[in-house]
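Order of the sequence lines sets the chain letters (A, B, ...), proteins ahead of strands, with each chain counted from 1. What you see is a predicted model; the values in this text were computed from it and never measured.
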Protein chains: 2
Amino acid sequence: MVKKRKLIGQTQSKIFDAATEVFEEKGYAGARMQVIADRAGINKALLHYYFRTKDQLFMAVFHVLLKKMFEKILSIFMEEATFKEKMRRFLDEHIEFLIRNPKLPLFLLNEISRNPALAEGLRETLQYSQIRDLIYEKHSKELKGYGIKKSDMPQLMITIVGMSVFPVAARDMIAIMMPQLNDSRKFNAFMQGRKDFAAGFVMTALKNRKK
Amino acid sequence: MVKKRKLIGQTQSKIFDAATEVFEEKGYAGARMQVIADRAGINKALLHYYFRTKDQLFMAVFHVLLKKMFEKILSIFMEEATFKEKMRRFLDEHIEFLIRNPKLPLFLLNEISRNPALAEGLRETLQYSQIRDLIYEKHSKELKGYGIKKSDMPQLMITIVGMSVFPVAARDMIAIMMPQLNDSRKFNAFMQGRKDFAAGFVMTALKNRKK
DNA sequence: ATTTAATTTAACCAAATAGTCAAAATTAAA
DNA sequence: TTTAATTTTGACTATTTGGTTAAATTAAAT
């Protein structure tokens, strides 16, 4: 019984891992079931045994990745700390996360853009309006001190998240314009440097903001 | 003679426009030649008459769009003005450009990411290192005053471009987390507001930067 | 050991899709 | 007006690709 489940688990997770790789690399439309099977080291029919269709396999992978990404983004902002501390922690941890998962943002942005319904399930789970209120309410004083009104929160949050996500999403385009960031060692060094740069940049902009 | 060319031009550009739409929406892998033909109002065989293969049609579209995007980004930074003025003008014009071409960034980022060789041709055309030197050399004094060293330029440039590009690329994900930006009127208003927000944010961060 | 159930495979199938071609229609040239 | 060249089409082909099925293999239960 245990052994059986272990075996199922092994095959299933081999498939799942292979599918994750291929979908992240090629997207839904570009992914091939045969390629996933090959990379998992199994027969193509076995894919359909465990995950009836390409859609179902994709959905399984997609939702795990979507959750992974959002949990990372949101968890830090739910902790107890000043906004400044949260922002710093967010940039540190999120950039580490992105260095380990460089293909994740572009994959998610794309698939959601091609089919917004994909993320529909998350809307209820997230209840972002509550989260946003929570973030703002919690830091209302601190943020007012920076001249940030409630209505400015989207601008600010998108700026902060963009600071970490954009360079990773745009990496291959950046590599064209900035050959000095071409190889991954140098790019990762750039991302490491971005922790300080982004945190300093945002804090300076906030502290000296016209109110 | 003139008429003939005009007719060719008409059909070719009908095909080209349709292909642009479909590729931008679906990406290379998700695009269908039949759909492009339908949208152009012509027979599928005519696609292959004017553009021998899907690859050739894609390449034609891709390179026009890539050029369009990069020209917009770079042209402003090549003008005669202070760095501050250029940045302001860049954010204004680039955000207007992105409002009119909302699908362009994600499309380009994706296709380049799936096949970095696609952008290979641009490397020589752009000679970014020269451009970067030019930008820095031209504004060396101004930027030093802000505590920006030559080695900080990638961080700064990526931050500025990300300010305009990221919200558009991440639009559908943002719509999930921020339902208040869901409909396009409100999102465009957000992007209009971003001209001021981003310019103010960057300038404040620069002016008060620790040196 | 034998039977039953779960897992895996090789060989197929059907639909989708890029691409072809010969002939028809249209347009330009003689 | 006739001829030649170009453009457009309908019907077709080859390949790719997601998905199926029946048989073989392995594990579990009796």
B/Thr53/B/His48 under side chain to side chain contact (heavy atoms under 4.5 Å, CB included): CA gap, chis, key distance, verdict: CA-CA 6 Å; B/Thr53 65; B/His48 293 278; 5.5 Å; no
Walk me through it: do B/Leu65 and B/Thr20 pass the test side chain to side chain contact (heavy atoms under 4.5 Å, CB included)? CA-CA 8 Å; B/Leu65 294 182; B/Thr20 301; 4.0 Å; yes
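With distances taken from any side-chain atom of A/Tyr49 to the nucleotides D/dG18, C/dA18, C/dA6, the minimum falls on C/dA6. Among the nucleotides C/dT7, C/dA10, D/dT9, the one closest to any side-chain atom of A/Tyr50 is C/dT7. Checking C/dT8, C/dT9, D/dG18 against the side-chain heavy atoms of A/His48 singles out D/dG18 as nearest. The B/Leu46 side chain lies nearest to D/dT8 when the options are C/dT9, C/dC21, D/dT8. Of the candidates D/dG10, D/dG19, C/dA10, the closest approach to any side-chain atom of A/Thr53 belongs to D/dG19.
With a 6.0 Å cutoff to the six-membered ring centre and a 45° limit on the axis angle, B/Lys138 does not count as a cation-pi contact of B/Phe83. The cationic group of A/Arg171 lies under 6.0 Å from the six-membered ring centre of A/Phe187 and within 45° of the ring axis, placing it in a cation-pi geometry.
The base of C/dG19 has none of its N or O atoms less than 3.5 Å from a complementary donor or acceptor on the side chain of B/Lys54.
Whole-Å rounding puts the A/Phe51 CZ to D/dG18 P distance at 16 Å. Atom C1' of nucleotide C/dA16 and atom CZ of A/Arg32 are separated by 11 Å, given to the nearest angstrom. Distance, B/Met33 CE to D/dA14 P: 19 Å, rounded to whole Å. For the pair B/Lys26 NZ and C/dT17 P, the computed distance is 11 Å after rounding to whole Å. Straight-line distance from the CD1 atom of B/Ile42 to the P atom of C/dT26: 17 Å, rounded to whole Å. Between the CD atom of A/Gln56 and the P atom of D/dG18 there is a distance of 15 Å, rounded to whole Å. Rounded to an integer number of Å, the gap from CG of B/Asn43 to P of C/dA24 is 16 Å. When the P atom of D/dG18 is taken as reference, atom CG of A/Leu57 falls 11 Å away, rounded to whole Å.
With both pairing distances under 3.5 Å, C/dA5 is matched to D/dT26 as a Watson-Crick or G-U wobble pair. C/dA16 is paired with D/dT15 under the Watson-Crick or G-U wobble criterion, all donor-acceptor distances under 3.5 Å.
A close approach under 4.0 Å does occur between a side-chain nitrogen or oxygen of A/Thr11 and OP1 or OP2 of C/dT8.
For an aromatic pair to be called close, the ring centres must be under 6.0 Å apart, and B/Phe62 with B/Phe23 fails this.
Projected onto DNA chain D by closest heavy-atom contact, B/Lys44 and A/Gln34 fall at different nucleotides, the more 5' of which corresponds to B/Lys44.
In this structure, A/Ala31 reaches the sugar-phosphate backbone alone: every heavy-atom distance under 4.0 Å involves primed, P, OP1 or OP2 atoms, never a base. Among the heavy atoms of the strands, none lies under 4.0 Å from B/Ala37.
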